[in-house]
> 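Before anything else, here's the structure in question.
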Amino acid sequence: MKAFLIDMSTCVGCHDCQIGCKDEHCGQAWMPYAEAQPETGQFWIELKQFERGAVPHVRVAYQPTMCNHCEEAPCLKAAKDGAVSRRDDGLVIIDPIKSKGQRKIMDACPYKVIYWNDELDIPQKCTGCAHLLDGDHPINVPRCVDNCHLNVITFGEEADLDLAGTEVLHPEFGTKPRVFYRGLPKKFIAATVFDPDTKEVVIGAKVTAQGEAGTFATTTDGWGDFWLRDLPDADWTVTIEADGKKKTIKVSTKEEDKGLGDVALV
């Protein structure tokens with residue numbers, strides 16, 4: 001069974017995957033796999049950008065997002081008359097003829113990666129470039145994979161991919177996605193610690209976050225900054241200690257990353 005592996009730790013947000021998909025599918029249909037993708041309004045693979053934290057403690061994450069070709073695909077269950085099928089290689093395909101007028105196919109996708117073509121009255125999404133996989137085409141991988149110059153996206157037999165430590169999007173949906181991610185960002189807490197008496201940053205301060213989710217520790221660097229990374233979504237008590245001084249802050253990462261700005265150690 002085929003699967004995608006996306007390594008977000010190497011993605012720089014260049015949009016090569018998205019551009020390649022547009023180039024392959026806009027203005028040309030690949031029947032019986034798909035009608036042409038509209039130039040606007042649809043991204044069969046979309047590079048999403050997330051700004052996290054607060055100035056000056058900000059991180060940006062780039063996440064290529066596409067159809068997950070789920071083993072338990074809700075779109076397949078919502079389709080009538082065989083309008084959605086799963087190939088022997090695991091790719092989930094929407095038949096551009098049989099699916100006409102079946103808006104429930106789009107509505108069924110919890111990931112919101114199926115789009116509606118108003119002009120053709122059909123749902124559309126990533127096909128895994130099945131037309132490139134079949135036959136003797138010189139490009140025998142999806143176009144997004146071929147177009148990525150940093151090898152962020154890998155495609156192949158699931159058994160051949162190194163999936164150790166990877167995750168899927170929204171496992172709570174129970175759809176058994178076949179798109180796996182390495183390096184999905186976890187929450188962080190960051191700040192710059194300074195001494196208001198000396199008006200200098202504090203280097204080497206011990207920083208600890210404690211909560212029901214565990215204990216995480218680090219120290220401030222040469223700029224007085226600390227980054228507590230890869231935190232679970234939880235409530236924390238952050239303690240900063242140096243030179244006999246101690247400060248405690250209550251912080252929550254349940255909703256978002258926390259860039260705390262300048263913190264005075266008093």
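Side chains are part of it too, since the values below use all heavy atoms of this structure and drop only hydrogens, waters and symmetry mates. Note that the structure is predicted; figures quoted are calculated from it, not measured.
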> Testing the 3.5 Å rule here: is there a donor-acceptor pair between the side chains of W30 and T127?
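The answer is no; no qualifying pair exists.
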> Taking 4.0 angstrom as the limit, do E167 and K186 come out as a salt bridge?
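A salt bridge is present here (some side-chain N lies under 4.0 Å from a carboxylate O).
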> Is any NZ, NE, NH1 or NH2 atom of the basic residue among E72 and K77 found under 4.0 Å from an Asp or Glu carboxylate oxygen of the other?
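A salt bridge links E72 with K77.
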> Before accepting this row, confirm whether a basic side-chain N of the pair E256/R52 lies closer than 4.0 Å to the acidic partner's carboxylate O.
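No, this pair does not count.
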> Is there a continuous path of hydrophobic side-chain contacts, each under 4.5 Å between heavy atoms, that joins F4 to V141?
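Yes: a chain of side-chain contacts under 4.5 Å links F4 to V141.
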> Does I153 belong to the same Ile/Leu/Val/Met/Phe/Trp/Tyr cluster as L169, with side-chain heavy atoms less than 4.5 Å apart forming each link?
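Yes, because I153 and L169 connect within a single hydrophobic cluster, where side-chain heavy atoms sit under 4.5 Å apart.
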> Determine, for W44 and R143, whether the Lys NZ or Arg CZ falls below 6.0 Å from the six-membered ring centre while staying within 45 degrees of the axis.
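R143 over W44 ring: no.
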> With a 4.5 Å cut-off on side-chain heavy atoms, are V168 and F180 touching?
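Side chain of F180 against side chain of V168, heavy atoms only: contact under 4.5 Å found.
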> Determine whether the side chains of D225 and T192 contain a donor N or O and an acceptor N or O closer than 3.5 Å.
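On atom types as modelled, these side chains qualify, holding a pair under 3.5 Å.
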> Identify whether the distance between the nearest side-chain nitrogen and carboxylate oxygen of E24 and K22 falls below 4.0 Å.
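Looking at E24 and K22, the cut-off is not met.
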> On the six-membered ring of F43, is K48 placed so that its NZ or CZ lies under 6.0 angstrom from the centre and within 45° of the ring axis?
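Relative to the ring axis of F43, which defines the angle, K48 lies outside at least one limit.
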> Look at K250 together with D235 and state whether they make a salt bridge at an N to O cut-off of under 4.0 Å.
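Salt bridge: no.
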> Applying side chain to side chain donor-acceptor pair (under 3.5 Å), run through T175 and H170 and close with a yes or a no.
CA-CA 9 Å; T175 63; H170 297 291; over 6 Å; no
> Taking C-beta and beyond as the side chain, do T248 and V238 meet within less than 4.5 Å on heavy atoms?
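A side-chain contact under 4.5 Å is absent here.
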> Salt bridge check, D89 against R87: does any charged N sit closer than 4.0 Å to a carboxylate O?
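Here R87 pairs with D89 in a salt bridge, since their nearest N and O are under 4.0 Å apart.
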> Between R229 and D257, does any side-chain N to carboxylate O distance fall below 4.0 Å?
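Result for this pair is no, no salt bridge flagged.
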